[in-house]
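One structure is given below, encoded as structure tokens.
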Amino acid sequence: MTGTPLPWAEARETAWAAGYAAKPAASELPFGEAVGSALAAPLVAVSDLPAFPTSAVDGWAVAGQGPWRIDGAVLAGQVPEALKPGQAVKIATGAQVPEGTEGIIRLEHSTVEDELVDGPAAREWREAGEEAAHGEELLPAGTPVSPPVVGLAAAAGHSTLPAHARPAARVVVFGDELLTSGVSREGRVRDSLGPMVPHMLQAAGAAAGPSIGPVEDTLEAHVAALREALADADLVCTTGGTMVGPVDHLHAALAEIGAEYVINTVAVRPGFPMLLARTEDGKFIAGLPGNPQSAVIAVVSLVAPLLAGLRGLPLPPLGTIGLAEDVPGRGSFTHLALVDRAGRRLGHHGSAMLRGLAGAAGFAVIGPDAVGTEGATVELATVPGV
């Protein structure tokens with residue numbers, strides 16, 4: 001039930017486009033929920049920024065000719081009285097500049113004697129609206145919501161942002177051979193994907209709940225687990241069962257629940273038997289291979305792009321890295337090769353291994369019918385949360 005493998009670059013774009021087309025309606029979200037999404041409408045200043053003239057320094061606000069008679073102080077958060085000629089008030093950085101102020105003497109440039117202050121006065125303040133005027137567009141729709149964007153929004157008077165909420169996600173772990181505690185024993189192995197993948201989904205922009213499983217290797221159990229997960233999730237990531245072996249029931253389970261393939265296998269090594277399907281009500285199922293590194297490659301290749309689309313973000317960009325040694329290709333398939341930050345190929349990079357991944361910068365992308373040569377700069381696919 002595997003189809004013609006989709007080229008890796010095309011698979012990333014297809015997964016992203018599917019998510020973008022299915023992104024939910026935007027809503028006004030609290031800052032913490034909006035971070036990691038994209039602005040669904042332009043960010044506009046709801047007042048002048050700053051709203052009133054504010055001192056850029058600690059010093060003395062003065063009016064008229066000096067030396068100036070000291071008469072009070074202005075702290076941030078206070079509304080000062082207007083200055084009269086010959087008067088000086090001590091002023092703190094960020095405090096509202098009194099009306100009538102003609103200059104501010106920096107504290108370090110001032111001299112004080114007999115209740116008089118003197119020194120060079122200058123316009124050491126930010127004018128109202130200097131950063132933005134009331135109603136001015138600060139950022140366009142589509143801008144990723146980062147912590148600095150949240151800070152700007154708060155400064156501009158907002159308490160929420162129009163954005164796409166985090167999609168709810170669940171992981172369903174298939175396999176009678178898997179253990180959830182202790183060490184591998186008696187032909188059974190410890191599950192690594194159930195504990196690991198939800199954190200990757202969270203880092204990629206999902207609201208990930210606890211994993212379900214391990215689910216026994218029967219079609220009935222697979223269907224029941226998928227239905228349980230889909231009841232409260234927009235995205236379900238399954239682990240294992242993506243091939244057509246005697247206990248691989250995912251394809252049959254997808255047919256049973258009426259899901260249709262968006263992508264069925266990708267021309268990439270490791271990770272080839274990954275898939276993405278969509279249910280009749282518009283939810284997504286990402287089939288991750290059972291081998292741990294292959295599963296991570298499926299998250300990088302399909303799931304992270306899908307989640308970016310669902311939150312209104314562009315396709316996650318690839319980085320670059322210089323190769324410190326030759327890296328072989330994988331024929332007509334793209335090779336995603338584990339490398340460290342110096343561009344060296346890591347050991348323990350087999351599809352079933354995680355040791356190399358734990359210390360990796362990401363996957364060097366070696367295109368189809370190509371090899372990576374020492375000194376060459378190639379694309380780098382990074383892992384969410386790493």
Side-chain angles (χ1 to χ4, degrees), residues 1-16 18 171-178 189 191-194 196-197 200-201 211 213-219 221-223 225-226 229 235-257 259-279 284-306 329-338 349-354 356-357 363 365-368 381 383:
M1 299 191 60
T2 57
T4 301
L6 199 63
W8 182 74
E10 185 178 345
R12 291 183 74 241
E13 293 169 358
T14 300
W16 173 83
V171 175
V172 176
V173 178
F174 295 143
D176 287 335
E177 78 281 8
L178 298 175
V189 297
D191 170 42
S192 60
L193 296 178
M196 176 175 67
V197 173
M200 291 183 177
L201 301 182
S211 296
V215 176
E216 64 180 305
D217 287 323
T218 67
L219 176 57
H222 279 49
V223 170
L226 285 176
L235 165 66
V236 174
C237 290
T238 65
T239 70
T242 55
M243 292 295 286
V244 288
V247 293
D248 292 332
H249 301 294
L250 176 59
H251 293 278
L254 293 176
E256 180 75 17
I257 66 173
E260 295 186 351
Y261 295 109
V262 178
I263 297 167
N264 188 10
T265 70
V266 177
V268 64
R269 297 288 189 185
F272 149 76
M274 64 182 74
L275 64 85
L276 181 65
R278 183 169 40 218
T279 64
F284 290 94
I285 300 166
L288 317 182
N291 276 330
Q293 189 179 148
S294 293
V296 172
I297 286 176
V299 171
V300 169
S301 303
L302 301 184
V303 178
L306 174 76
R330 296 298 293 268
S332 62
F333 280 35
T334 294
H335 182 198
L336 294 190
L338 274 180
H349 54 255
S351 181
M353 297 180 180
L354 287 172
L357 182 68
F363 297 96
V365 181
I366 310 301
V383 179

Quiz prompt | Criterion side-chain contact (heavy atoms from CB on, under 4.5 Å) on V365 and L336, from CA distance to verdict | solution = CA-CA 5 Å; V365 181; L336 294 190; 3.8 Å; yes
Exercise. Step by step, work out the side-chain contact (heavy atoms from CB on, under 4.5 Å) result for L354 and M196.
Key: CA-CA 11 Å; L354 287 172; M196 176 175 67; 4.0 Å; yes
Quiz item: H249 side chain to D217 main-chain N or O, any donor-acceptor pair under 3.5 Å?
Solution: yes
Quiz item: Counting N and O atoms only, with roles assigned by atom type, does the side chain of D191 sit under 3.5 Å from a partner on the main chain of L193, one being a donor and the other an acceptor?
Solution: yes
Heavy-atom closest contact ([X] atom, [Y] atom, distance):
| X | Y | answer |
| --- | --- | --- |
| G329 | I366 | CA-CG2, 4.1 Å |
| P289 | A295 | O-CB, 3.3 Å |
| M274 | A298 | CE-CA, 3.6 Å |
| L250 | G241 | CB-O, 3.1 Å |
| A277 | A259 | CB-CB, 4.2 Å |
| A229 | V236 | CB-CG2, 3.6 Å |

Find the distance between [atom1] ([X]) and [atom2] ([Y]) and round it off to the nearest 0.5 Å.
| X | Y | atom1 | atom2 | answer |
| --- | --- | --- | --- | --- |
| F174 | L288 | CZ | CG | 10.5 Å |
| R12 | T334 | CZ | OG1 | 11.0 Å |
| T265 | L275 | OG1 | CG | 8.5 Å |
| I285 | C237 | CD1 | SG | 10.0 Å |
| L302 | I297 | CG | CD1 | 11.0 Å |
| L254 | Y261 | CG | OH | 5.5 Å |

Exercise. Evaluate the criterion side-chain contact (heavy atoms from CB on, under 4.5 Å) for residue pair M200 and V296; output intermediate values, then yes/no.
Key: CA-CA 9 Å; M200 291 183 177; V296 172; 3.7 Å; yes
Are the side chains of [Y] and [X] in contact, using a 4.5 Å heavy-atom criterion?
| X | Y | answer |
| --- | --- | --- |
| F333 | P368 | no |
| E256 | L226 | no |
| W8 | E13 | no |
| F284 | V303 | no |
| V383 | V299 | no |
| H251 | N264 | yes |
| F272 | M243 | yes |

Quiz prompt | Derivation of the side-chain contact (heavy atoms from CB on, under 4.5 Å) call for S294 and T242 | solution = CA-CA 11 Å; S294 293; T242 55; over 6 Å; no
